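Note that this is a predicted model, so its numbers are computed, not measured. A, B, ... follow the sequence lines: proteins, then strands. Residue 1 opens every chain.
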Amino acid sequence: MGRYDFKEVEVRWQDYWDENDTYATTEDPSRKKLYVLDMFPYPSGDGLHVGHPEGYTATDIISRKRRMEGWNVLHPMGWDAFGLPAENFAIKRGVHPKGITRQNIRNFRRQLRMLGFSYDWSREIDTSDPAYYRWTQWLFLFLYRKGLAYKKKAPVNWCESCRTVLANEQVLDGRCERCSHEVTQKDLEQWFFRVTDYADRLLEGLDGLDWPERIKLMQQNWIGRSEGVEIVFRGEDADGGFDVPVFTTRPDTLFGVTYVVLAPEHPAVSRLTAADRREEVEGYLRAARTKTDLQRTGLEQEKTGVPLGSTLVHPLSGEPVPVWTADYVLGSYGTGAVMGVPAHDERDYSFAQRYGLPISFVIRPEDEAVAGFTEGAAYTGAGILSGSGEFDGLGSEEAKDRIAAALVDCSLGERKTNYHLRDWLISRQRYWGAPIPIVYCDRCGEQPVPEEQLPVLLPDDVDFRPTGESPLARSEDFHRATCPECGQAARRESDTMDTFVDSSWYFLRFTSPHEGERPFSDHAVNYWCPVDVYVGGAEHAVLHLLYARFFTKVLCDHGLLPFEEPFLRLRNPGLILGENGEKMSKSKGNVINPDDVVDRYGADVMRLYEMFMGDFEDAKPWDTRGIVGLRRFLDRVWTTVHDTVHERRETVSPELERLLHRTVKKVTEDIEDFKFNTAISALMILLNEWTRVGGGDRGLLSVYLRLLAPFAPHLAEELWRLIGHESSIFQADWPAWDETLAAEEEVEVVVQVNGKVRDRFLAPAGTDEDELKRRARESDKVKNALQGGKIKKVIVVRGRLVSIVASRD
RNA sequence: GCGGACGUGGCGGAACGGCAGACGCGCCAGGCUUAGGACCUGGUGGGGGCGACCCCGUGGAGGUUCGAGUCCUCCCGUCCGCACCA
């Protein structure tokens, strides 16, 4: 028989699959389809880390199993190839990002092949390939024509270290998500996508998705819808009267207002500043401008502000209300102005305390003792209104509505919904990305590049070191263009697009990767999409996943797609931690390299181990010692199959047959539920029984190999061949199970007395309640436990237990 | 601060509200072997008993239930998001 030489066998089957196009997929409307997708990787110079194969193995198992069940499965792979790391590396080494990226892709492809994944490589895509980004540019123009891409000067997040602007989503704790450099604000002319137009739809669409609840919540919070009222406070100066609207979700607290605060960037600040306060106010504004967001919004910061020396008129009481400016109010949210209600808002309370502003309670809980009400702190709960004129005595919920209605009646208020979500800033002042297809003409202004001129090629010969100016602006050849409208000399847009634009539509391209006339062909997208199973890291909860949903909705609205949610089912693999339980990182020296693992134990073992480690979605530490268990498992499969083949047994023992049917059921269901660990465990249990009691025949063997095949494809192919099959095991049918055989024939029934297990007995599976009760009462142990006490009640769960409740006397 | 996930042997982890610890690692004993490794068999939560068995056990404290690792309330701890959003 010989030992199982995984090195020779695995490479041989990988070659076989390539040569036979085993995993090539074509559209076939007569067959049911399944689109199983991994988030395509950024091909980094470090190669695969052990986290990649976790998700890839899961989707591979599902894909292989479903193919065997007769589904037409689309399972592609590609490269999110544009991006900063390659560019930064290229700058450091004085080489070109294109070369680096190619090299990295080669390495990734080698590693994925080594792990035996069943991708249809004929569909491979690369976002940095002009054949791809041509369509990224096409889609930019599509959005532009629909009024969803626009340019504006705006304060934007700037990372001085990366020398580029960042999307809100790429700023973490006031720092750049790439390099952790502190992010500052800069006023720049930038391109945006109008994501905010889709805020409500992005929110509503979440309901129907089979996604982790946590991810849905993160998207909900990110969109941050809040309903309230815009309330007008009137101001007046020498030039006449004007409105200062504030946004609040608590109109019921309107009579508790003791001041109004404007953000430092609010346009009315200057107008409302009294002459004798001007110097101090301007000093404050200057200071606020130089603060970073981190300094300004960090929670630990004490709130600061200055009074403007003027007042506004309260819309309902008519009383004058002093105006302040303070940088705890954000210019970018709501109206950039808030009403200060220190009695019922914690932020306002601390601000009022610090500056000695009055605190006026207008809502009290019905039972102050129960609610822990005290005037020594803000009360933010519900209650009954007082000191609020005609609204006194109302509950706060009703008051919200009544006060809002009163304001609307006298045109001093408007019901309004606000969102945290901002429009998506897509301009990047960097080289390694898709150029934005726009030219600027002195005569005709901003002009989209005509479709037939796409792609706008990224020039190779550019000094791409970042200076804050876009590197493309320094390429004369690139920068100089002719106006598509008038033919005069014009300037080309020199910024590139955020790489998240590339990845917002790649799943559509996979359906027709060689389509030359459009980004994707209708029939292909209609057949394959939406993605049925999508697997990838939770770090994309609000970036990629939100943008891809936005793109899909836009394309759907304009007739290019017949669906508006791209990913029906989403799962996030749990983080694989280092052996010490900490995050893997080079600096901690606890990184495990997949190449080493495959070299030592083989691809099948690597796959099996990662699936066996624990719950797919939980974080779990790597344990090199634990891998050997999976190696042993496969070695035992190898020897057991050989033994069984040589025995030439024709019948299987009934016990083993029943276990086999249970295992088929378990493995089939567990794969669909992402419970790969217990599926593997079931395969181990069956093998243990098979070797322990013997009695396996060739039929069992055939079924067993097919169950194992999605997990350990190389070994399964090799043994499939051994038992006499000519073609790939993946052309075989997935095994079926017989429900009656899968059911236990005989069950162990537990007998409890007052909640404690006192005995257990075997009974045929279908035994009725009376019989179970009778047998339970007969038990000596039960009698002993009863000690003559009276039986008050007997609960029977058929096939499981008899629970006797008895008095203790 | 808010939101979410989680807490089970020496370790990774299993358990439709119904036998806690499946499966794997590790460890112990035995077999095979010149020896070691590999492999095979058995054992392995804690405590007690010669033993059949008994008691205690799922972060802590309560509760619901015939029955709680699982459901509810509070507390402690770990991890992950968001964070002055008015």
Side-chain angles (χ1 to χ4, degrees), chain A residues 3 172-174 212-218 220-222 224-226 228 246-250 253 261 263 296-303 326-330 332-341 344-348 350-351 418-422 538-539 541-542 572 574-575 577 579 581 583 608-609 612-615 617-630 632-633 635-636 639 675 677-685 687-688 691-692 748-760 781 784 792-797 799-806:
Chain A
R3 273 182 72 84
L172 303 174
D173 289 335
E213 226 28 64
R214 162 181 48 107
I215 301 291
K216 291 197 201 180
L217 269 166
M218 279 164 74
Q220 266 170 35
N221 294 338
W222 189 262
R225 182 187 156 103
S226 78
V246 303
F247 177 74
T248 182
T249 55
R250 293 293 304 273
T253 66
V261 194
R296 196 169 143 177
T297 62
L299 245 198
E300 303 76 43
Q301 312 299 327
E302 260 220 82
K303 295 178 189 13
D327 63 11
Y328 79 90
V329 175
L330 306 173
S332 55
Y333 184 76
T335 64
V338 303
M339 58 189 213
V341 187
H344 304 294
D345 182 282
E346 277 162 25
R347 295 154 301 177
D348 295 345
S350 67
F351 188 74
N418 271 318
Y419 302 87
H420 299 180
L421 185 69
R422 297 278 91 99
E539 68 273 16
V542 287
N572 309 120
L575 204 60
L577 307 167
E579 304 215 49
K583 263 197 196 129
L608 233 19
Y609 174 63
F612 188 67
M613 287 174 78
D615 188 289
E617 304 203 70
D618 287 348
K620 44 213 167 271
W622 186 269
D623 177 14
T624 297
R625 283 193 316 189
I627 302 174
V628 74
L630 285 302
R632 292 210 269 253
F633 168 56
D635 286 343
R636 287 181 57 216
T639 53
K675 289 159 76 174
N677 53 341
T678 49
I680 293 167
S681 152
L683 289 169
M684 289 171 166
I685 291 168
L687 184 70
N688 288 346
T691 52
R692 197 172 63 82
E748 197 175 40
V749 176
V750 168
V751 187
Q752 293 182 345
V753 177
N754 287 333
K756 283 207 160 116
V757 178
R758 293 301 175 180
D759 200 7
R760 48 197 72 176
K781 287 178 191 162
N784 192 36
K792 292 199 290 198
K793 197 172 167 186
V794 181
I795 292 136
V796 179
V797 181
R800 281 194 182 272
L801 92 163
V802 179
S803 178
I804 300 173
V805 190

Nucleic acid footprint by protein, nucleotides 6-15 of chain B - heavy-atom cut-off 4.0 Å, B for base, S for sugar-phosphate alone: ------BSSS
Contact list (N/O, under 3.5 angstrom) for nucleotides 54-56 of chain B vs protein:
unit_1	atom_1	unit_2	atom_2	d
B:C55	OP1	A:R758	NH1	3.4

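Of the possible donor and acceptor atoms, one in the side chain of A:R422 sits under 3.5 Å from a partner among the backbone N and O of A:S332.
Pair assignment for B:C39: B:G31, on the basis of Watson-Crick or G-U wobble contacts that are both within less than 3.5 Å. Using Watson-Crick or G-U wobble geometry with both donor-acceptor distances under 3.5 Å, B:C6 finds its partner in B:G77.
For B:G81, the O4'-C1' to base torsion is more than 90° from 0; the nucleotide is therefore anti.
Residues satisfying the side chain to side chain contact (heavy atoms under 4.5 Å, CB included) test with A:K756, not counting sequence neighbours, are A:R758. Residues that satisfy the side chain to side chain contact (heavy atoms under 4.5 Å, CB included) test with A:D635, not counting sequence neighbours, are A:R3, A:Y4, A:R631. Every residue two or more places apart in sequence or in another chain was checked for a ring pair (Phe, Tyr, Trp, His ring centres under 6.0 Å) with A:F612, and none qualifies. Annotation: ring pair (Phe, Tyr, Trp, His ring centres under 6.0 Å) contacts of A:Y333 (sequence neighbours excluded): A:H420. Scanning for salt bridge (Lys or Arg N to Asp or Glu O under 4.0 Å) contacts around A:R692 gives A:E689, with sequence neighbours left out. Residues satisfying the side chain to side chain contact (heavy atoms under 4.5 Å, CB included) criterion with A:L683, sequence neighbours excluded, are A:F633, A:T663, A:V667, A:Y704, A:L707, A:L708, A:F711. Under the rule for a side chain to side chain contact (heavy atoms under 4.5 Å, CB included), the partners of A:R632 that lie at least two apart in sequence or sit in another chain are A:V628.
Going from atom CZ of A:R214 over to atom P of B:G81 covers 10 Å, rounded to whole Å.
Comparing atom distances between the A:S803 side chain and each of B:G26, B:G18, B:C23 picks out B:G18 as nearest.
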